[in-house]
Amino acid sequence: MTIYVGNIAYTMTIEDLKQLFLVYGNVTDVKIIVDKQTGKSKGYGFVEMERDEEAENAIRALNDTQVNGRNVKVNNAHRKNTSAAPQE
DNA sequence: GTTGAGCGTT
C-alpha cells in the first residue's frame, strides 16, 4: 500500500519517515517529493508498505500527529496508479 | 507548504 504523508517538516528526511513507519511494519519504499525547479522539499512524501493492515495501523498512529514540530497528515494515497484502488 | 519522480537498467 502506498501511503501519502503531507504537511511534513522540511527537515524531515527519507530515513526519518522510514524509521517512523518501520515501527508499525516493514517499509518497502519511502519517497519525499522535492521540487525539480527549486530543489526544495514540497512538504509531502510517500511511504510504501508491504502489508495493508500495518500500513493502515501506521496511518492511524501517525496521522494528525506532531512530528518535528509539524502536524503531519498521513493517509492512503488516492492518486496515480500506485494505489490499491483505481482512480475514478 | 497537502497526492511524486524516475533520465537510463529500479
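From a predicted model like this one, the values you see are computed outputs, not experimental measurements. Numbers restart at 1 for each chain; the letters A, B, ... are given by sequence-line order, proteins then strands.
- Annotation: of the two residues near DNA chain B, N71(A) and E48(A), the 5′-most nearest-nucleotide partner is N71(A).
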Show which side-chain atoms of residues 7-14 of chain A pair as donor or acceptor with protein atoms under 3.5 Å away, not counting sequence neighbours.
unit_1	atom_1	unit_2	atom_2	d
N7(A)	ND2	N71(A)	O	2.5
T13(A)	OG1	D16(A)	N	3.4
T13(A)	OG1	D16(A)	OD2	2.8

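- Hydrophobic clustering, with ILVMFWY side chains joined whenever heavy atoms are under 4.5 angstrom apart, groups V23(A) together with V5(A).
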Collect all protein-nucleotide pairs involving nucleotides 6-10 of chain B in which both atoms are nitrogen or oxygen and the distance is under 3.5 Å.
none

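- DNA chain B lies under 4.0 Å from no heavy atom of any residue of residues 56-67 of chain A.
- In terms of heavy atoms, G6(A) sits closest to Y44(A) at CA-CB, 3.6 Å.
- Remark: the separation of the P atoms in dT3(B) and dT9(B) is 32 Å, to the nearest Å.
- For N26(A), there are no side-chain hydrogen bond (donor to acceptor under 3.5 Å, both in side chains) partners at least two apart in sequence or on another chain.
- Nucleic acid contact for K73(A): base, since at least one base atom lies under 4.0 Å from a heavy atom of the residue.
- Contact detail for I3(A) and V74(A): the closest heavy-atom pair is CG2-CG1, 3.5 Å.
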Handout entry: Candidate pair K42(A) and K36(A), rule side chain to side chain contact (heavy atoms under 4.5 Å, CB included), full reasoning
Key = CA-CA 10 Å; K42(A) 288 189 176 180; K36(A) 310 167 286 284; 4.3 Å; yes
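- Residues D52(A) and M1(A) come closest through the heavy atom pair OD1-CB, 3.1 Å.
- Put simply, CZ on F46(A) is 4 Å from C1' on dT3(B), counting in whole angstrom units.
- Residues of residues 4-18 of chain A having a heavy atom closer than 4.0 Å to DNA chain B, listed by number: Y4(A), N7(A), I8(A), Y10(A).
- Here the separation of dG8(B) from dG4(B), taken at their P atoms, is 23 Å to the nearest Å.
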Handout entry: Worked verdict on V67(A) versus L62(A) for side chain to side chain contact (heavy atoms under 4.5 Å, CB included)
Key = CA-CA 9 Å; V67(A) 180; L62(A) 299 174; 5.6 Å; no
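- Taking both residues in full, the closest heavy atoms of I32(A) and S41(A) are given as CG2-OG, 3.8 Å, listed atom of the first, atom of the second, then distance.
- Residues M49(A) and A58(A) approach most closely at SD-CB, 4.2 Å, considering heavy atoms.
- Residues satisfying the side-chain contact (heavy atoms from CB on, under 4.5 Å) test with D29(A), not counting sequence neighbours, are K31(A), E48(A).
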